[in-house]
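Start at 1 with the first residue, then count along the sequence. As a basis for the values below, the full set of heavy atoms in this structure was taken, side chains included, without hydrogen atoms, waters or symmetry mates. These numbers were taken from a predicted model, which means no experiment stands behind them.
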Amino acid sequence: MRLAEPLPRISGGARRRLNVLVVDDSAVAREVMSAVLGREFNVTTAADPIIAMDKIAHALPDVILLDLEMPRMHGLTFLRKLREERPIPVVVCSNLAGRGTDVALRALEEGAVDVVAKPALGVRGFLDDAEVLLVETVRGAAEARTRRARSTITRTFPAIPTPMPLPAMMASIPPRKGILTESIIALGASTGGTEALRAILERLPPDAPGIVIVQHMPETFTAAFARRLDQGCQLSVKEAATGDEIVAGRVLIAAGNRHLIVHRQGKRYFAEVSNGPLVSRHRPSVNVLFRSVAAAAGPNAVGALLTGMGDDGADGLLEMKKAGARTIAQDEASCVVFGMPKEAIARHAVDEIAPLHRIPYLLLTNAGAPAAAELIK
């Protein structure tokens, strides 16, 4: 079956309404998602992937919102067929409890650009509470570069965008007492970040400096994501908990719906997990993590802002740079969505822009481990 060609964007400043296809076997889910998303987008629905394929053949959507456990064809099989025939940005909206979490992780590995949870408490209440997040996720997916294979990493170096004016000075960093020799690495990511983080962590040696990470993802997702990374890396990877020490060889990932904050006690770094309000429309927020790292570690830190929509992390990365940390942004060619790195570049928060494959080397070099860096160069 030959898929339709995408509709052209409207020329000039106007932007046409995006076309979204909701694929879900639940009539309630289709009804509520259509009502919520229909305020911003043109929405069509399909009760299973077979019906969806027929609709795609006649009118190619900009984004597909996909349940995974469906009759006649599993969502993962449907995702693979899309990748082979005509990549379309896919957001998984599925049950992330139990086995559903592992299936959603596989969907990200197969090319889905993002995932949102559909909890057992009921789709209607979930969408009422999370309308803004759902709309932003769909918009981010529409901007995403879909991947034909997870192993593909672009090795080109695009031109650096022209910086925007530097924003007003931010709040001052609390003074640091004494000099630390231990380095820590802070990473922030959103749309497309799960695969970018894996590409980075799988290349780092078992004695790499301690790493703290914020990846925007659902609350039920982060522990399983950490376990999956732990199985494929030489480093120890876990979901962060209050009191965890940040040491060489360990990676702490912010828990979904919780901020991750780094504190210093003497010459040691510790994690704190906090509820706190949304920051930059997110919890966890990359800005919260980066600002705490700037205050706790200053010039002993390295920060990198990876693929993602929006501007979360841009101000925090600038604060890290002002505190003496080395800062890195993933380049446009290797990003799924260039939003977050682009905003950091515009704020003059970035020392170096690099493709994904080069970032592990830069992290180690700037963290004071040049010998280890040469082994993975």
Please determine whether residues Phe270 and Ile213 belong to a single hydrophobic cluster, defined as Ile, Leu, Val, Met, Phe, Trp and Tyr linked transitively by side-chain heavy-atom distances below 4.5 Å.
no
So, does Lys55 use its side chain to make a donor-acceptor pair with the main chain of Thr44 at under 3.5 Å?
no
For side chain to side chain contact (heavy atoms under 4.5 Å, CB included), just list the numbers for Phe338 and Thr307, CA-CA rounded to whole Å, side-chain angles, deciding distance to a tenth of an Å, and then say yes or no.
CA-CA 6 Å; Phe338 189 48; Thr307 175; over 6 Å; no
If we only count heavy atoms from C-beta on, is the Val92 to Asp67 side-chain gap below 4.5 Å?
no
Could you tell me which non-hydrogen atom of Ser334 sits nearest to which non-hydrogen atom of Leu356, and how far apart they are?
OG-N, 3.1 Å
So does Glu85 pair up with Lys81, basic N to acidic O under 4.0 Å?
yes
Apply salt bridge (charged side-chain N to carboxylate O under 4.0 Å, His left out) to the pair Arg347 and Asp311, showing each step before the final yes or no.
CA-CA 10 Å; Arg347 287 161 169 76; Asp311 62 359; 3.7 Å; yes
Between Lys267 and Glu182, does at least one N-O distance fall below 4.0 Å, as a salt bridge requires?
no
Can you measure from CZ (Arg291) to CD (Glu319) and round to the nearest 0.5 angstrom?
5.5 Å
Check the surroundings of atom CZ in Arg106: do more than 12 heavy atoms from other residues, nucleotides or ligands lie under 6.0 Å from it?
no
Within this structure, what is the CG-CZ distance for the pair Leu187 and Phe290, rounded to the nearest 0.5 Å?
7.0 Å
Kindly compute the distance separating CG (Asn19) from CG (Asn42), expressed to the nearest 0.5 Å.
5.0 Å
Where is the tightest heavy-atom contact between Ala46 and Ile51, given as atom of each residue plus distance?
CB-CG2, 3.9 Å
Under 3.5 Å, is there a donor-acceptor pair linking the side chains of Thr137 and Asp114?
no
Evaluate the side-chain proximity of Phe225 to Leu197: yes if any heavy-atom separation is below 4.5 Å, no if none is.
yes
Quick check: is Ile246 connected to Val273 through a chain of hydrophobic side chains (ILVMFWY, heavy atoms under 4.5 Å apart)?
no
Short question: side chain of Thr77, backbone of Met73 - any donor-acceptor pair under 3.5 Å?
no
So which heavy atom on Val337 is nearest to which on Gly140, and how close?
CG2-O, 3.6 Å
Lys/Arg-Asp/Glu bridge criterion (N-O < 4.0 Å) met for Arg72, Asp48:
yes
Report yes or no: does Ser190 contribute a side-chain atom to a donor-acceptor pair with the main-chain N or O of Gly308 at less than 3.5 Å?
no
Minimal non-hydrogen separation, Pro284 against Gln215, with atom names:
CG-O, 4.4 Å
Could you report the tightest heavy-atom contact between Tyr269 and Ala297, atom names first, then the distance?
OH-CB, 3.6 Å
Side-chain (His74) to main-chain (Met70) donor-acceptor, under 3.5 angstrom:
no
Between Glu239 and Thr222, does the side-chain hydrogen bond (donor to acceptor under 3.5 Å, both in side chains) criterion hold? Intermediate values first, please.
CA-CA 7 Å; Glu239 185 182 67; Thr222 44; 2.5 Å; yes
Quick one: does any side-chain atom of Arg17 pair with a main-chain N or O of Gly38 as donor and acceptor, under 3.5 Å?
yes
Does the pair Glu332 and Lys342 meet the rule for a salt bridge (charged side-chain N to carboxylate O under 4.0 Å, His left out), with working shown?
CA-CA 8 Å; Glu332 182 175 7; Lys342 181 179 179 180; over 6 Å; no
Does any N or O in the side chain of Asp244 come within less than 3.5 Å of the main-chain N or O of Ala240, such that one atom is a donor and the other an acceptor?
no
Are any side-chain N or O atoms of Ser274 and backbone N or O atoms of His259, one a donor and one an acceptor, separated by less than 3.5 Å?
no
Verdict with supporting geometry, Thr327 and Asp351, side-chain hydrogen bond (donor to acceptor under 3.5 Å, both in side chains)
CA-CA 5 Å; Thr327 58; Asp351 292 316; 3.3 Å; yes
Going by distance alone, is a donor N or O of one side chain under 3.5 Å from an acceptor N or O of the other, for Asp315 and Asn287?
no
Let me confirm one number: the CG-CD1 distance from Leu363 to Ile200, rounded to the nearest 0.5 Å.
6.0 Å
Are Arg139 and Glu40 within salt-bridge range, i.e. N to O under 4.0 Å?
yes
Evaluate the side chain to side chain contact (heavy atoms under 4.5 Å, CB included) criterion for residues Val212 and Ile185: first the C-alpha distance (whole Å), next the side-chain angles of each, then the deciding distance (0.1 Å), finally the verdict.
CA-CA 6 Å; Val212 284; Ile185 294 170; over 6 Å; no
Please say yes or no: joined through hydrophobic side-chain contacts below 4.5 Å, possibly via intermediate residues, are Leu66 and Leu76 part of one cluster?
yes
Do Asn257 side-chain atoms and Glu219 backbone N/O form a donor-acceptor pair below 3.5 Å?
no
Show your reasoning for whether side chain to side chain contact (heavy atoms under 4.5 Å, CB included) applies to Leu364 and Leu204.
CA-CA 8 Å; Leu364 293 176; Leu204 295 179; 3.9 Å; yes
Using a strict threshold of under 4.0 Å (side-chain N to carboxylate O), is an ion pair present between Glu195 and Arg198?
yes
Distance-minimising heavy-atom pair for Ala301 and Met320
CB-CE, 3.9 Å
Given side chains that start at C-beta, do those of Ile56 and Ile88 come closer than 4.5 Å, heavy atoms only?
yes
Side chain of Ser292, backbone of Leu289: donor and acceptor closer than 3.5 Å?
yes
Gap separating the CZ atom of Arg250 from the CG atom of Asp207, nearest 0.5 angstrom
15.5 Å
What I want to find out is whether Asp312 reaches Arg281 closely enough, with some N-O distance under 4.0 Å, to be called a salt bridge.
no
Between Val115 and Leu108, is any pair of side-chain heavy atoms under 4.5 Å apart?
yes
Would Ile261 end up clustered with Val293 when hydrophobic side chains under 4.5 Å apart are linked, directly or stepwise?
no
Side chain to side chain contact (heavy atoms under 4.5 Å, CB included) between Leu37 and Leu65, intermediate numbers included:
CA-CA 11 Å; Leu37 294 175; Leu65 197 63; 3.9 Å; yes
Run Lys238 and Asp230 through salt bridge (charged side-chain N to carboxylate O under 4.0 Å, His left out) and show every step you take.
CA-CA 7 Å; Lys238 70 181 294 288; Asp230 185 65; over 6 Å; no
Applying a strict under-4.5 Å side-chain criterion to I, L, V, M, F, W and Y, I'd like to know whether Ile376 and Leu229 cluster together.
yes
How many angstroms lie between CE in Met309 and CD in Glu143, if you round to the nearest 0.5 Å?
4.5 Å
